[in-house]
Amino acid sequence: MRWLAEVHVRLRPGIADPEGQTIAGGLRSLGFDSVGEVRAGKLLRLSFEAADREAAEGAVSSMCRQLLANPVMETADWELRADEEPPDEEEA
Amino acid sequence: MSRGPRIAVAVFPGTWSERDFAHVGALLGWEVRLVWHTETDLGSADAVVLPGGFAHGDHLRTGAIARFSPVMRAVTEFAAEGGPVLGSCNGFQILCEAGILPGVLLRNDHLAFRCDWQALRVESAAGTWLEELAAGDVLRLPISHGQGRYYADAATLDELERSGRVVMRYADEAGRVSDEANPNGSLRSIAGIVNERGNVLGMMPHPERASEAEVGGTDGLRLFRSLERWLTAQPAVAERGL
């Protein structure tokens, strides 16, 4: 069956994030004075085939380890759900 | 020398500095071969260069996709056997992603792309590419990058320093290292490092763009002369007719 994973790739805590700092500055200049730290990251949405949830979890974990995140500077976590078929024309 | 050194220059989709290396190699009498990233054979190369650019569009992370290009298997083997490898700019990023060198290059702390002449202090003349240099020398080389902020955890940085593998730092023209002279926020102002054996050098600056007086400087030649000197002293390389 098909699965949908939303993978969040984040800079490790403690690593300076100038992009996040710039975004925070922009928000404050708009008047959102209470904005504290902003951390920028990446959201990757993956659709893929796997026999069951365990296999799907294993696949995402392996993808993160091998390519999607660099453990020197990043962490990855994800949400996984069944990728539902798009509704038929008639039903829609 | 009965022939010039054979240099393989890897070319990925998005590489932009390979012709500068080829140009300088021709001036030096080297046999330069451009090796497309899908090739798996470096031929009988005496040294390998990973040039600057934006391999695979820098997508995901700089070097993240290039690392899996077929040519990188050959480069990894070549490096493991002690063959001289230079990664400049994007080449340095690829070497880090491939795990051939430790650490990673992050977006510049000021977020801007920086293209300028930069002074560098040589910290350690360790390795194949630095034999003609001495600790304390000041080099002037171009930098041209948006993601050159060197990062590694404190234990890795300490180990690099302890073993003399931090070979150059960003400095001012007098060789003084300071936050003001650091163009990208690199930790400990690190501009270049070598692997344990010293045969692999990764550096953000571009020696190939400062190897002719006409372009404003020749300090880059000192690295290439170091390579020639090292190669000439290798019996195995001499046997192949250098």
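Throughout, protein chains are lettered first and strands after them, A, B, ... in sequence-line order, and every chain is numbered starting at 1.
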Atom CZ of B:Arg19 with >12 non-hydrogen neighbours under 6.0 angstrom: no
Within 6.0 Å of NE2 in B:His110, more than 12 heavy atoms from elsewhere: yes
B:Leu106 portion near chain A, given a 4.5 angstrom heavy-atom threshold: side chain
Closest non-hydrogen atom pair between A:Val72 and B:Tyr151, with its separation: O-CE2, 3.5 Å
Neighbour count >12 (heavy atoms, 6.0 Å) for atom CZ, A:Arg81: no
Neighbour count >12 (heavy atoms, 6.0 Å) for atom CD, A:Glu49: yes
Residue A:Gln21 versus chain B: region with a heavy atom under 4.5 Å: neither
Validation row: B:Leu60, A:Leu44 side chains within 4.5 angstrom (heavy atoms): yes
B:Arg61 to A:Leu68 - nearest heavy-atom pair and separation: NH1-O, 3.0 Å
A:Arg45 atom CZ: more than 12 heavy-atom contacts under 6.0 Å: no
Top of A:Thr22, A:Ile15, A:Val9 for chain B proximity - count of heavy-atom pairs under 4.5 angstrom: A:Ile15
With a 3.5 Å cut-off and sequence neighbours excluded, list the donor-acceptor pairs that the side chains of residues 63-72 of chain B form with protein atoms.
unit_1  : atom_1 : unit_2  : atom_2 : d
B:Arg67 : NE     : B:Glu97 : O      : 3.4
B:Ser69 : OG     : B:His37 : ND1    : 2.9
B:Ser69 : OG     : B:His56 : NE2    : 3.3

Closest heavy-atom pair and its distance - B:Arg107, A:Pro18: O-CG, 4.3 Å
